[in-house]
Asker: 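Below are the C-alpha cells for one structure; questions will follow.
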Amino acid sequence: MGFVGLQAGVQLATVAALSLAMVGMVYSATFTEQFTAFSHDGIHVQVAPDGQEAKIVLDEYAASGFGSKNQYLFGNITMMIKLVPGDSAGTVTAYYLSSAQPNHDELDFEFLGNTSGQPYILQTNVFANGIGRREQRINLWFDPTTDFHNYGVLWNRNQIIFTVDNKPIRVFKNNEDLGIAYPKNKPMGLYASLWNGDSWATQGGMVKTNWTHAPFIVSFKDFTTLDGCVVANNDISPCTATTTHWWEASAYQTIDRKQAEQILWVKNNYEVYDYCTDRKRFPVAPLECERNIPLL
Ligand SMILES: *[C@@H]1O[C@H](CO)[C@@H](O)[C@H](O)[C@H]1NC(C)=O
C-alpha cells in the first residue's frame, strides 16, 4: 500500500498526525480523513480512538451511515467490512459508489441480513445515467459476520469488476457501442449505511427485524484502500487521462482467463438471482447480458 493513500488525495490534518500515523512507514488513513459520518450522537456511528475502525449501529431509534469526503472517477476502491453478527434479519448494509442526481451512476453492494446461522445475500447492481435494474444476488463462500473481508470495485474506462477478497464476482463492461450507458464521466462518492429493509430484504420480506436483538452493528476498516482518482474542482480531465493511473493499464481493461474462471465459479456455485435470466421482468435478456458473461 505504502503511500498510495497519500497520492489518493488524503487530506492530512497536521504534520504531527502524519508522523504518528507513519510509524513503521506504512501510512494508514483514518476514518475522519476519508469520511464524514451522517450522525454525530456518538451512538449510531462509532469511530475507534485511533481512527482505524468505524461501526454503524442500527437500533429502533435510528439508522445511519457515512460518506467519503472525496469524489472519485475510476480506481480500485475497496474496504474491509464485517457484517452484522447473529440475527441480522431485516437489516440491509448498503456499501456503494454514487454520483449526484439526476441521471446518476451507482455501483452497489447490498448485504441482506438473515436469521442467525442463515446465509447473508450479497446483491450487486449497476446504475448508469439513471438506469439500474441490474440486480444480481449471490451467497458468499464464507461467513461474512465472523471476520473482516474485502469488498470493492476495480473501475476503469472499459469495465467495472466487483470483487470480494480480490476475487472477481461480476463484471460490467463498457457496452456503449450497443447504446448502453456506462459510468465514465460523473465522479462518485463512496457511501455506507445500515438500515431497516424488512419490507423486502430477508426471505422476500417474510422475516421482519427483531428489535429485541438490536443494536445491529456493521464494522468497517482499511480506509487507505480508496485508491481512486480524486476529482477536484469539478475537473475530471486528470482522471480520464489513460496513461497516469495503474488501473488503466491494458492488463486491467479485460478480464483474463483466471478471472473469468472465478466469475463463473461464483455464478455456478453461489448465484441465487440474475436479472439477465429473469424472464418475468425481462422477456428478452437486456442487451449487455451476453457480453458480461465471461468466455473461457
Ligand atoms: C436467508 O436464509 C434462507 C434460508 O436458508 C434463504 O432461503 C435466504 O436466501 C437467505 N437470505 C435472505 C436474504 O433471505
Side-chain angles (χ1 to χ4, degrees), residues 44 55-60 62-65 78-98 106-127 132-153 162-165 167-170 172 191-220 262-282 285 289 292-293:
H44 295 98
K55 297 180 194 304
I56 306 176
V57 178
L58 170 69
D59 56 25
E60 55 194 311
S64 196
T78 76
M79 260 204 281
M80 300 283 280
I81 308 176
K82 186 166 83 170
L83 293 166
V84 179
D87 179 18
S88 58
T91 71
V92 177
T93 298
Y95 165 65
Y96 59 103
L97 285 155
S98 182
E106 184 177 313
L107 308 175
D108 282 330
F109 287 82
E110 284 180 308
F111 300 92
L112 315 183
N114 218 332
T115 47
S116 291
Q118 297 305 308
Y120 250 91
I121 281 179
L122 167 54
Q123 171 170 296
T124 54
N125 199 1
V126 175
F127 286 76
R133 305 185 79 210
R134 298 190 171 102
E135 299 86 354
Q136 286 182 12
R137 291 181 169 195
I138 62 168
N139 288 320
L140 294 162
W141 51 93
F142 51 82
D143 178 350
T145 71
T146 50
D147 288 303
F148 283 91
H149 289 269
N150 182 279
Y151 304 91
V153 291
F162 289 80
T163 62
V164 174
D165 289 334
K167 273 193 203 325
I169 59 158
R170 175 177 185 177
F172 184 84
Y191 302 90
S193 59
L194 175 62
W195 42 280
N196 178 26
D198 71 0
S199 64
W200 63 278
T202 305
Q203 297 174 39
M206 299 290 287
V207 183
K208 302 298 177 192
T209 303
N210 182 342
W211 294 107
T212 67
H213 293 163
F216 303 101
I217 300 173
V218 56
S219 308
F220 299 82
Q262 283 171 331
I263 291 172
L264 292 173
W265 173 76
V266 170
K267 196 169 177 52
N268 294 332
N269 296 289
Y270 297 99
E271 185 174 281
V272 292
Y273 176 82
D274 181 1
Y275 78 109
C276 285
T277 53
D278 185 342
R279 290 288 160 274
K280 289 200 186 93
R281 283 172 80 200
F282 302 100
C289 285
N292 290 333
I293 295 175

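Quick caveat, the model's predicted, so the values are computed rather than measured. All residue numbers in this chain count up from 1 along the given sequence. Both ligands and their constituent atoms are indexed starting at 1 by order of listing.
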Asker: Quick one: does L122's side chain get under 4.5 Å of I169's, heavy atoms only?
Answerer: yes
Asker: State, without any angle test, whether E60 and N196 hold a side-chain donor-acceptor pair at a distance under 3.5 Å.
Answerer: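 The answer is no; no qualifying pair exists.
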Asker: Quick one: ligand 1 N/O to protein N/O pairs below 3.5 Å?
Answerer:
unit_1: ligand 1; atom_1: 2 (O); unit_2: N114; atom_2: OD1; d: 3.3
unit_1: ligand 1; atom_1: 2 (O); unit_2: N114; atom_2: ND2; d: 2.5
unit_1: ligand 1; atom_1: 5 (O); unit_2: Q118; atom_2: OE1; d: 2.5
unit_1: ligand 1; atom_1: 11 (N); unit_2: N114; atom_2: ND2; d: 2.7
unit_1: ligand 1; atom_1: 11 (N); unit_2: P119; atom_2: O; d: 3.2
unit_1: ligand 1; atom_1: 14 (O); unit_2: Q203; atom_2: N; d: 2.7

Asker: Between the main-chain N or O of G152 and the side-chain N or O of T163, is there a donor-acceptor pair closer than 3.5 Å?
Answerer: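 Between the backbone of G152 and the side chain of T163 there is a qualifying donor-acceptor contact (under 3.5 Å).
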Asker: At what distance, to the nearest 0.5 angstrom, does CE of M80 lie from CZ of F220?
Answerer: 12.5 Å
Asker: Which value, rounded to the nearest 0.5 Å, describes the distance between R170 atom CZ and D274 atom CG?
Answerer: 7.5 Å
Asker: Mind checking the CG-OH spacing from L97 to Y95? Nearest 0.5 Å is all I need.
Answerer: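 Reported value, rounded in 0.5 Å steps: 7.5 Å.
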